[in-house]
Amino acid sequence: MSFRFIEDHRDAYPIRLMCAVLEVSPAGYYAWRDRPASERTKSNAKLLAAIRQTHRDSSGRYGSPRVHAVLQTQGRGASRGRIERMMRRHGIRAIMAPPRRVRTPTAVTTCRSHRT
């Protein structure tokens with residue numbers, strides 16, 4: 001997390017100063033920066049692209065259960081929980097129908113004093 005902060009703000013502040021403030025070593029930052037992306041990160045990027053495509057194909061109507069079902073039929077092995085987390089983290093939400101207003105029928109009475 002602190003290395004990501006340093007990377008994002010390296011144009012505004014000196015790297016050695018940020019490393020000192022965040023109590024990390026500059027060598028650790030440079031090692032992190034030069035390290036290749038992990039397999040999990042690559043897998044998450046591919047899965048996120050598939051989730052976004054499925055969501056776009058459904059015109060934004062599919063939530064995580066349907067996206068999971070579509071991805072399973074395509075042969076992508078990811079759990080529903082992982083898809084839920086990724087959709088939540090990246091702000092992908094299904095279009096929700098507005099709540100329906102339920103109207104209760106008014107009581108019919110024959111007594112004149114109860115009529116409004």
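Just the heavy atoms: all of them, side chains too, but no hydrogens, waters or symmetry mates, feed the values below. Owing to the predicted nature of the structure, the values given are computational and were not obtained by experimental measurement.
Remark: Leu17 engages Pro14, Val21 in a side-chain contact (heavy atoms from CB on, under 4.5 Å) (not counting sequence neighbours). Among residues two or more places apart in sequence or in another chain, the salt bridge (Lys or Arg N to Asp or Glu O under 4.0 Å) test is passed with Arg10 by Glu7. Remark: Ser38 pairs with Arg40, Thr41 by the side-chain contact (heavy atoms from CB on, under 4.5 Å) rule, at least two apart or across chains. Every residue two or more places apart in sequence or in another chain was checked for a side-chain contact (heavy atoms from CB on, under 4.5 Å) with Lys46, and none qualifies. For Pro26, the side-chain contact (heavy atoms from CB on, under 4.5 Å) partners at least two apart in sequence or on another chain are Arg16, Cys19, Tyr30.
Under the 4.5 Å side-chain criterion, counting only non-hydrogen atoms from C-beta, Val24 is in contact with Phe3. The side-chain heavy atoms of Tyr29 and Met18, taken from C-beta on, include no pair separated by under 4.5 Å. Inter-residue side-chain proximity for Pro65 and Arg80 is flagged as met; some heavy-atom pair is nearer than 4.5 Å. In this structure, Arg82 and Ser43 have side chains that are in contact, with non-hydrogen atoms separated by less than 4.5 Å.
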Run the side-chain donor-acceptor check on residues 85-101: report pairs under 3.5 Å with partners two or more places apart or on a different chain.
none

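Across all their heavy atoms, Ala37 and Lys42 have their closest contact at O-CE, 3.4 Å. In terms of heavy-atom proximity, His55 sits nearest to Tyr62 at CD2-O, 3.2 Å. The two atoms that bring Leu71 and Ala50 nearest to each other are CD2-CB, 3.8 Å, heavy atoms only.
For CZ of Arg33, the number of neighbouring non-hydrogen atoms (other residues, nucleotides, ligands) closer than 6.0 Å is greater than 12.
Separation of atoms CD (Gln74) and OG1 (Thr54) is listed at 5.0 Å; rounding is to 0.5 Å.
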